[in-house]
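Every chain is numbered from 1 and lettered A, B, ... according to where its sequence line falls, protein lines coming before strand lines. Computed over heavy atoms, backbone and side chain alike; hydrogens, waters and symmetry mates excluded.
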Amino acid sequence: MLKTKKELKEKIFKRLSPEFPLAAEEVELTATPDPSLGDLALSIAFPLAKKLKTSPRMIARQAVELLSKLEGVEKVELAGAGYINLYLDRKNFFKEKFSRLKKSALEPEESKIIVEHTNINPNKAAHVGHLRNACLGDTLVRCLRYKGEQVEVQNYIDDTGVQVVDVVFGFIELEKKSLDEIKRIPGKFDYYCWDLYTKVSRYLAENQSAQDRKAEILKRIEHQLSPEAEYAHYISRRILKDHLETMKRLSISYDVLPCESSILKLKFWEKAFERLKECRAIYLSTEGENAGCWVMKLPDEQEREKIIVRSDGTVTYVGKDIAYQLWKFGLLGQDFYYEPFIHDNNRPVWISSGEPTSYQVHFGAGSKVYNVIDVRQSYLQKVVVQGLKSLGYEQQAAKSIHFSYEMVALSPRSLKEIKAEISEEDRDRTFLEVSGRKGIGVKADDLLDRLEEKAWEEVAKRNPDLPQESKKQIAQQIAAGAVRYFMLKYARNSLIIFDFDEALNFEGETGPYLQYTAVRLRSIFRKLQERLGCSYQEIIKPEILAGSYLEKLLPEEAKDFWELVVFASGLDEEVLRAIITLEFAGLAKFTFNLCQKINSYYHHYQVLSEKDEELRNLRLITIYFVHQILCQALDLMGIQVPEKM
RNA sequence: GCGCCUGUAGCUCAGUAGGAUAGAGCAGCUGCCUUCUAAGCAGCGGGUCGGGGGUUCGAAUCCCUCCAGGCGCGCCA
């Protein structure tokens, strides 16, 4: 539809501009409120009427005449107070759209786009909040690739930060475990550390004196001293592997894992620091409470200074982030070293190293960067962008996009289910923020396990004869589809108050409903082979569309057919809109509505039992068309289509 | 205190670079399985779009104001 609209707009402008004071970008084609009013609406008469001091209907009447016999348009009509409605040439439209199936009308604009997402501290298991981040990030990646962009997916690993230090502290000081003993801990290590981290947080809050010992461990890890650094390295790597396993369950993968330890080792910050000092982006505060710190000022926020380097000379998190952002744009003049960390579908996932390796691979140096981080870090992301601006990198600053989204919180019911211990002050709240520190959160794998269990039962009920292995695989696909749709269906500004009943629902506007729709469409083609002995490839050929098939349809079916085709053709527009607004709820809703329409369509119009062969084939081709687009949309959201359900 | 965000059906949410009659899902109630999978389809009921003012041909959408809620503003990450 994107292509059709673009071509039409140009033609319309050509016809109207000699007669009316009109700019090309003022020609807007929108959907009509009702398909019976035509396919596309032009509301240009309203602003023109104002300019020319006449009535919109007068303008519209004149425009309708000027637009007669437009190529690709069957009829132009005046409607309402002054709308100009266009009826598309159905036969040619469908023919063209069918021949362009699987071809995106979108075009790439960047040389290389970097998307950073997931970024879970490697000291505990992933929870539902992390799932939202990863699902949004991965969907963005898929949409950008569909648009034709070259995309590099990064997952930043804060392997030397205080959260990892807390767990190291727990193993050394509370559990008194040697590294070998830690290595022998069986089972899910991220779960083990989830509990330990909560214990440590409580212990540190109650024992102020332990803070010094923790600070010492932090220093020793930053300076790569034994044995603390080995602890941190082992723990973070093992948990990272667990995280990657969790994400794999959702078909989410990465190209490269840049680590904070490498940034420290290769002195990325020192380099950035020199530059920031040189161009006076930051300055040494000499008086007031920030005396002795290097600080940055945000131009529009007069009062506040942001501390970048502490008075003891250590750099803050945001400082390191500026250096990291410079590297992402290839502005640091230096790269990490890399080695393969794991293999995902025979493709290496690379991890950064501070030491030279034998691998000649390079990452970073993007022309546009998306950082998928929740809304609470908006201020810090602004500081990072300001850093780039101050260094004179205006263009890169403009292409540093903070993809922000609201957090996931837990409903009182969910809190009860996970048996969370809730403090007195939190008791009256209608929801509670996920907190790794307090151990309050729904672990990603727990949620996926519960979904899989439920899906398995449903599959077994319906398809008892399937082999165990198939049932398991289908259950996994359904569980993943449920999670991914759940995370996308809310607008990113909307706080998700997580509730098990809602997340575990497979009916209505859910991932499994979409999957079920695709599975059933697919089974029509399978049954075609089984019952009638012919494959759909024999029937669905482009030549068929050259015939006079559409004329065979009775008015009611013609209307339903056409509405379906026009709607399905909107995918490209929907994807482009999603990329521009960074909003995937619309794409999710579009796919859901497409499913509703196709479900309704083939309930009304039987396919295989239709005696009239031409009619049957036309229905088949319609269903094929929609099925293709549906599968594309599902793929963009990372939702797989099971063989059976 | 300052900044950002949110308020739409009983519940959860779409719809906001102004556009034709405000939409879904869940929950409730009616029908439809000897039929391409009932994880489905068809239908019914349900609304002062937080309140008030303004801008105009037209406002859920833009502006002002008030009310309610959330988040952020650390020499934490």
Side-chain angles (χ1 to χ4, degrees), chain A residues 28 30 32-34 37 41 43 46-47 49-50 55-56 79-83 85 121 158 161-165 260 285 289-295 300-304 306-314 316-318 320-321 374-380 382 404 406-407 409 411 429-431 433 455 458-459 461-463 478 489-491 493-497 499 501-502 505-517 519-528 530-531 581 585-586 588-589 592-593 595-596 599-600 602-610 619-620 623 644-645:
Chain A
E28 272 299 323
T30 55
T32 57
D34 190 295
L37 291 169
S43 54
F46 296 99
K50 202 172 185 180
S55 82
Y83 290 94
N85 292 340
N121 271 307
D158 189 3
V162 290
Q163 294 209 22
V164 172
V165 172
E260 189 184 59
S285 180
E289 54 185 4
N290 293 341
C293 298
W294 288 86
V295 298
D300 50 335
E301 279 157 83
Q302 297 297 322
E303 264 66 34
R304 207 176 317 141
K306 182 69 201 165
I307 292 167
I308 307 294
V309 179
R310 304 181 188 104
S311 55
D312 67 358
T314 56
T316 58
Y317 163 77
V318 68
K320 279 178 274 191
D321 222 14
D374 80 58
V375 68
R376 290 169 296 182
Q377 297 213 34
S378 294
Y379 172 63
L380 291 171
K382 256 166 88 179
S404 78
E406 260 292 355
M407 58 179 179
S411 68
R429 298 186 46 131
T430 53
F431 65 86
E433 184 181 341
E458 299 285 329
V459 172
K461 203 159 66 190
R462 282 154 238 245
N463 303 280
I478 293 170
K489 74 193 267 194
Y490 299 94
N493 258 337
S494 173
L495 177 75
I496 297 180
I497 299 172
D499 187 88
D501 288 350
E502 276 170 44
N505 185 20
F506 291 170
E507 283 161 29
E509 197 191 343
T510 67
Y513 169 81
L514 309 194
Q515 291 173 311
Y516 183 64
T517 304
V519 166
R520 287 183 66 180
L521 292 182
R522 201 172 275 180
S523 91
I524 292 175
F525 298 112
R526 198 183 56 241
K527 288 267 159 75
L528 176 74
E530 284 171 16
R531 290 187 195 173
T581 59
K589 190 70 99 182
F592 170 64
N593 289 145
C595 286
Q596 286 185 314
N599 275 328
S600 169
Y602 79 85
H603 263 90
H604 272 88
Y605 308 108
Q606 287 290 307
V607 180
L608 299 181
S609 58
E610 176 56 51
R619 288 177 186 164
L620 263 175
I623 284 172
K644 286 189 173 177
M645 271 179 86

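Judged by distance alone, the side chain of A/K320 and the main-chain N or O of A/E260 form no donor-acceptor pair under 3.5 Å. Distance alone, capped at 3.5 Å, is enough to place a donor-acceptor pair between the A/R619 side chain and the A/Q606 backbone.
In this structure, A/A491 and A/A585 approach most closely via the heavy-atom pair N-CB, 3.8 Å. Among all heavy-atom pairs drawn from A/M645 and A/P512, the shortest one is CE-O, 3.5 Å. Of all heavy-atom pairs spanning A/D501 and A/D499, the tightest one is N-OD2, 3.1 Å.
Using a 4.0 Å heavy-atom distance criterion, A/R376 is classed as a sugar-phosphate-only contact. A/V459 comes within 4.0 angstrom of a base, heavy atoms only. A/V318 comes within 4.0 angstrom of nothing in the nucleic acid, heavy atoms only. A/R526 comes within contact range of no nucleotide atom at all, as no heavy-atom separation falls under 4.0 Å. As judged by a 4.0 angstrom heavy-atom cut-off over every strand, A/Y513 is placed among residues touching the sugar-phosphate backbone only. Heavy atoms of A/T30 sit nowhere under 4.0 angstrom from any nucleic acid atom. Counting non-hydrogen atoms under 4.0 angstrom, A/R429 reaches the backbone sugars and phosphates but no base. Residue-level contact check: A/S311 touches the bases, meaning some heavy atom is under 4.0 Å from a base atom. Residue-level contact check: A/L380 touches the bases, meaning some heavy atom is under 4.0 Å from a base atom. Across all strands shown, A/I478 has heavy atoms under 4.0 Å from base atoms, whether or not it also approaches the sugar-phosphate. Within 4.0 Å of A/A41, counting heavy atoms only, lies at least one base atom of the nucleic acid. Using a 4.0 Å heavy-atom cutoff across all strands shown, A/A291 reaches at least one base atom of the nucleic acid. Across all strands shown, A/Y490 has heavy atoms under 4.0 Å from sugar-phosphate atoms exclusively, and none from any base. Heavy atoms of A/F592 sit under 4.0 angstrom from primed sugar atoms or phosphate atoms, though from no base atom.
Residue A/R520 places at least one side-chain N or O under 4.0 Å from the OP1 or OP2 atom of B/A38. Taking only side-chain nitrogens and oxygens, A/S411 never comes nearer than 4.0 Å to OP1 or OP2 of B/U12. Between A/R310 and the phosphate of B/A77, there is a side-chain N or O to OP1/OP2 separation shorter than 4.0 Å.
Remark: B/G40 base-pairs with B/C32; criterion is Watson-Crick or G-U wobble with both hydrogen-bond distances under 3.5 Å. Under the Watson-Crick or G-U wobble criterion, with both distances below 3.5 Å, B/G58 has no partner in any strand shown. Within the shown strands, B/C11 is the pairing partner of B/G25 under the Watson-Crick or G-U definition, both distances less than 3.5 Å. For B/G72, the paired nucleotide is B/C2, the pair qualifying as Watson-Crick or G-U wobble because both relevant distances are below 3.5 Å.
Crowding of A/E289 atom CD: a count of heavy atoms from other residues, nucleotides or ligands under 6.0 Å not exceeding 12.
The gap from the C1' atom of B/G52 to that of B/A38 amounts to 50 Å, rounded to the nearest Å. Rounded to whole Å, the separation between the C1' atoms of B/C67 and B/A20 comes to 33 Å. When the C1' atom is used for both B/A9 and B/G50, the distance is 15 Å, rounded to whole Å.
With respect to the salt-bridge test (charged N to carboxylate O, under 4.0 angstrom), the residues A/R376 and A/E433 qualify.
A donor and an acceptor atom sit less than 3.5 Å apart, one in the side chain of A/N85 and one in the base of B/A20. The base of B/C75 is not paired with the side chain of A/T316 by any donor and acceptor separated by under 3.5 Å.
The shortest distance between side-chain heavy atoms of A/T32 and A/Y83 does not fall below 4.5 Å. Considering only heavy atoms from C-beta on, A/I307 stays 4.5 Å or farther from A/V318 through its side chain.
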Could you list all N or O pairs between the protein and nucleotides 5-11 of chain B that sit under 3.5 Å apart?
none

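In the set B/G25, B/C57, B/A20, the nucleotide with an atom closest to the side chain of A/F46 is B/C57.
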